[in-house]
Amino acid sequence: MMSKLRFYRDDDNAPRAVGNDEESSILAQLLESDIQDDAVICRELLERIRRVAQSDAPHVHTGNSFTITLTRETATIGNLSLENNKETTLDRDKVVLVLKNWLNFIS
């Protein structure tokens, strides 16, 4: 999964992510639009995911462009755009791994 997601910095030194399949593309968009270069937001989201793992209730996180519905096993990412309101459900552990790798990249 991680080999399908690539991180780099553009000419303005902004963190960028590129995915080459559907799952990694939605994750790349989420990282670029909702987390960007903000390690605090990334850590907060990781903490929320950790807390949901110990709870029965789902948790919803809404960012700039996406909403993430977290359960013990899954993270469902929905685009807030009316033109593209498709949802993608991913394994929670994959999302944690991507967030940790992004955090390392931007820190």
Side-chain angles (χ1 to χ4, degrees):
M1 156 91 175
M2 284 313 299
S3 62
K4 297 178 180 174
L5 196 56
R6 185 172 65 85
F7 303 153
Y8 67 98
R9 290 204 176 259
D10 67 15
D11 294 339
D12 296 323
N13 204 37
R16 309 287 291 176
V18 176
N20 64 6
D21 67 3
E22 188 176 352
E23 282 187 5
S24 58
S25 291
I26 192 94
L27 286 165
Q29 293 170 42
L30 170 77
L31 295 171
E32 283 190 3
S33 66
D34 288 15
I35 298 173
Q36 301 168 2
D37 221 347
D38 194 332
V40 172
I41 288 177
C42 196
R43 284 188 194 99
E44 285 174 358
L45 189 51
L46 282 164
E47 177 58 23
R48 285 183 180 173
I49 293 171
R50 189 191 64 74
R51 283 198 310 261
V52 164
Q54 302 165 347
S55 151
D56 289 329
H59 176 80
V60 178
H61 168 82
T62 302
N64 297 327
S65 302
F66 294 91
T67 182
I68 307 171
T69 305
L70 301 163
T71 69
R72 283 184 179 190
E73 290 87 26
T74 64
T76 301
I77 302 170
N79 194 322
L80 295 173
S81 159
L82 295 177
E83 299 86 52
N84 182 14
N85 57 3
K86 187 171 136 276
E87 290 187 337
T88 303
T89 300
L90 304 170
D91 181 76
R92 187 185 66 87
D93 292 338
K94 281 185 184 176
V95 175
V96 167
L97 182 61
V98 166
L99 288 171
K100 285 180 177 177
N101 286 338
W102 184 254
L103 184 60
N104 288 336
F105 174 67
I106 63 175
S107 297

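Computed from a predicted model, the values in this text were never measured in an experiment. Just so you know, residue 1 is the first one in the sequence shown, and it goes up from there.
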- [ ] Check whether any side-chain heavy atom of I68 sits under 4.5 Å from a side-chain heavy atom of L30, and report yes or no.
- [x] yes
Task: Heavy-atom donor-acceptor pair, W102 side chain to A28 backbone, under 3.5 Å - done: no
Open item on the list: Using only atom types and a distance under 3.5 Å, with no angle test, would you say the side chain of R72 pairs donor to acceptor with the backbone of S55?
Closed with: yes
Task: Minimum heavy-atom distance E87-G78, with the two atoms named - done: CG-CA, 4.0 Å
Open item on the list: Using side-chain heavy atoms (C-beta onward) and a distance below 4.5 Å, is L99 in contact with L31?
Closed with: yes
Task: CA sep, side-chain torsions, deciding dist, call: L27, L90, side-chain contact (heavy atoms from CB on, under 4.5 Å) - done: CA-CA 10 Å; L27 286 165; L90 304 170; 3.7 Å; yes
Task: Beyond-backbone contact of V95 with L70, side-chain heavy atoms, under 4.5 angstrom - done: no
TODO: Measure the spacing between CD1 of I26 and CD1 of I77 and express it to the nearest 0.5 Å.
DONE: 6.0 Å
Task: Heavy-atom side-chain proximity of R43 to L103 below 4.5 angstrom - done: yes
Open item on the list: Would you say that S65 contacts L80 through its side chain, given a criterion of any heavy-atom pair below 4.5 Å between the two side chains?
Closed with: no
Open item on the list: Please report the interatomic distance CD1(I41) to NE2(H61), rounded to the nearest 0.5 Å.
Closed with: 7.0 Å
Open item on the list: Rounded at 0.5 Å granularity, tell me how far CZ in F105 sits from CG in L5.
Closed with: 10.5 Å
Open item on the list: Could you check whether any side-chain heavy atom of N79 comes within less than 4.5 Å of a side-chain heavy atom of Q29, counting everything from C-beta outward?
Closed with: yes
Open item on the list: Is it the case that the side chain of E32 and the backbone of A17 share a donor-acceptor pair, with hydrogens and angles ignored and the cut-off at 3.5 Å?
Closed with: yes
TODO: Keeping the roles fixed (side chain from S24, backbone from K4), state whether a donor-acceptor pair exists under 3.5 Å.
DONE: yes
Open item on the list: Donor-acceptor pair, distance only, cut-off 3.5 Å: does the side chain of T71 make one with the backbone of P58?
Closed with: no
Open item on the list: So if I apply the side-chain hydrogen bond (donor to acceptor under 3.5 Å, both in side chains) rule between T76 and each of T67, T89, T69, which one comes out positive?
Closed with: T89
Open item on the list: Under a 3.5 Å distance rule, please check whether D91 uses its side chain to pair with a backbone N or O of D93 as donor and acceptor.
Closed with: yes
Open item on the list: Do I106 and R9 have side chains that approach each other closer than 4.5 Å (heavy atoms only, starting at C-beta)?
Closed with: yes
Task: Cationic N near anionic O, under 4.0 Å, E44 to R48 - done: no
Open item on the list: Can you give me the closest heavy-atom contact between N13 and D37, atom names plus distance?
Closed with: O-OD2, 4.4 Å
